[in-house]
Structure formats: structure tokens, C-alpha cells
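Since the structure comes first, as C-alpha cells, the remarks are kept for the end.
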Amino acid sequence: MIAPVELAPVLSWIVLVIAVSASATIAVFSFYRPNRALTWISAVLLGASLLVAALVPEAPPASITVYLSLASLAIAIFGGGPAAVLALDLAMRGSVQAGAHGGILVMPASTAPGILPERREVLRGGTTIGILERIATAGAILLGFPEALAIVVAVKGVGRFTELEAAESRERFIIGTLASLIWACAAAILVRLASS
């Protein structure tokens, strides 16, 4: 029979695995079928997972840690996109027109006098870039190398620099990047919390 003192860590591991599994599952659904409610539910479950991970009395066994690492990567990769979209929707309130290739349409900074400017699409490929950004971010934290976040942000900033002349693109870039990075960091930190 398991003594009551030994039962607390086991129960906390079970609760943590259930919360992380639910958050990962809902994050994947939200990625493939965008839905604000699912994104909020995944965020609440991620927050609950962080709380439980911080309160776990003992580090879980290696098998549970491996599972938590894989599930947190899924949360980071799949949940970060919908979280960034939600943050952008809340901030922009539909004021920016979407482009045909996943970017946004902006007016060029300068045009010749008498010529009607044509909108151009910037920030294309944001979904793919966001996925790679979150893989690098969560991976760096899980591997104990958070300094790599500076490299991720620098590479992304340099890669998008020429597209940031319009205020709309700068705002979207900053809001989307921060939402994506915060989500990926939170997902990876829960494993570090549970393992300490």
C-alpha cells in the first residue's frame, strides 16, 4: 500500500499530465480549426499546468518528463499560432486587411506624385516562420539554453526588416512575435518547473 505522503507527488504528476495533454490536444485543434474559444481554453489549461508544475513536490520520473517535454513542444508549436492571431485580433480589431498569401496589405511609404499607390502584401509566410520560431524558442528553453532566444529574435528581426516601413506591419510584427514567444516560453518553462 502506498503511504499518504508518497501519494501527493503521484497525484500531482497525474493532474499535470492530464492538464498538459488537454492543453496540447486543444492547441492542435485550435491550430487546424481556428476558434477563439479553443485558444482561450488552451491558454487556461496552459496556465493551470504552469501552476501545477510549480507546485509539484518532487520531480517526475524520466518517462513523465519525456512525455511532458513532447506535449509542451506540441503546445508551443501549435498553440502559439492561434495565440498570436488572437492577440493580433484583439489589438488590431480588424483594422488591417489580410493579403492573399497570409500577410497584410499596406500602402507603400512613398509614391511618385500623381500616381495612385497600390497596396502591397507584407509579412507573408508568418505561419511557417512562427512555427520555426516556436520550435527554436521551446527547444532552447527545454535544453537549458535560454540565451538562444536573443538569436531567434535577431534572426527574425533581420529577416523582416525591409517589410517594417509601414506602421501596421511594425505593430503586427511586434504583437505577433511577442505573443508567439511568450506562449512558447510558457509551454517550455512548465517542464523546467516540474523537473526542478
Side-chain angles (χ1 to χ4, degrees), residues 1-90 127-153 156 175-196:
M1 183 169 175
I2 298 176
V5 176
E6 296 173 9
L7 195 57
V10 174
L11 287 176
S12 60
W13 299 333
I14 291 170
V15 170
L16 183 59
V17 166
I18 290 170
V20 168
S21 299
S23 182
T25 302
I26 292 171
V28 171
F29 276 117
S30 184
F31 182 81
Y32 287 107
R33 297 207 184 260
N35 180 312
R36 275 187 171 197
L38 290 178
T39 304
W40 281 114
I41 292 168
S42 184
V44 167
L45 288 168
L46 176 56
S49 299
L50 282 164
L51 182 63
V52 173
L55 299 175
V56 170
E58 295 177 18
S63 58
I64 292 176
T65 302
V66 168
Y67 175 78
L68 291 174
S69 298
L70 294 173
S72 75
L73 273 173
I75 293 169
I77 294 165
F78 292 104
V85 169
L86 177 61
L88 287 166
D89 286 348
L90 292 172
T127 301
T128 303
I129 292 169
I131 288 170
L132 294 172
E133 165 192 313
R134 291 186 296 275
I135 289 170
T137 298
I141 291 172
L142 288 172
L143 294 173
F145 187 53
E147 296 85 0
L149 294 177
I151 297 167
V152 172
V153 172
K156 188 172 180 185
I175 293 167
T177 298
L178 286 176
S180 180
L181 286 173
I182 289 167
W183 186 278
C185 287
I189 287 171
L190 79 87
V191 177
R192 304 288 291 183
L193 285 172
S195 300
S196 59

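If you're wondering where the values come from, they're calculated on a predicted model, not measured in any experiment.
No donor-acceptor distance shorter than 3.5 angstrom exists from the side chain of W183 to the backbone of G81, with no hydrogens or angles considered. The closest donor-acceptor contact from the side chain of S69 to the backbone of T65 lies under 3.5 Å. T25 places a side-chain N or O within 3.5 Å of a backbone atom of S21 that can act as its donor or acceptor partner. Between the side chain of S195 and the backbone N or O of R192, no donor-acceptor pair lies under 3.5 Å.
A 4.5 Å side-chain heavy-atom check between W13 and P9 finds at least one atom pair inside the cut-off. In this structure, P34 and V85 have side chains that are not in contact, with every pair of non-hydrogen atoms separated by 4.5 Å or more.
Counting all heavy atoms, side chain and backbone alike, G176 lies closest to A84 at O-CB, 3.8 Å. Of all non-hydrogen atoms in A179 and A83, the two that sit nearest each other are CB-O, 4.2 Å. In this structure, L193 and L50 approach most closely via the heavy-atom pair CD1-O, 3.9 Å. Nearest approach of L190 to S49, heavy atoms of both residues: CD2-CB, 4.1 Å. Here the closest heavy-atom approach between residue A74 and residue A24 is recorded as CB-CB, 4.3 Å. For the residue pair A76 and A184, the shortest heavy atom distance occurs at CB-CA, 3.8 Å.
Considering CG of L86 and CG of L38, their distance stands at 11.5 Å, rounded to 0.5 Å. Note that the CG atom of L178 and the SG atom of C185 stand 10.0 Å from one another [nearest 0.5 Å]. Rounded to the nearest 0.5 angstrom, I141 CD1 and L73 CG are separated by 10.5 Å. The CG atom of L46 sits 13.5 Å away from atom CD1 of I41, with the distance rounded to the nearest 0.5 Å. Note that CG of L11 and CG of L16 are 12.5 Å apart. Values are rounded to the nearest 0.5 Å.
Using cut-offs of 30° and 60° for the angle between ring planes, the F31 and F78 rings count as perpendicular.
Residue pairs satisfying the side chain to side chain donor-acceptor pair (under 3.5 Å) criterion with at least one member in residues 129-142, sequence neighbours excluded, are listed as follows: E133-K156, E133-S180, R134-S180.
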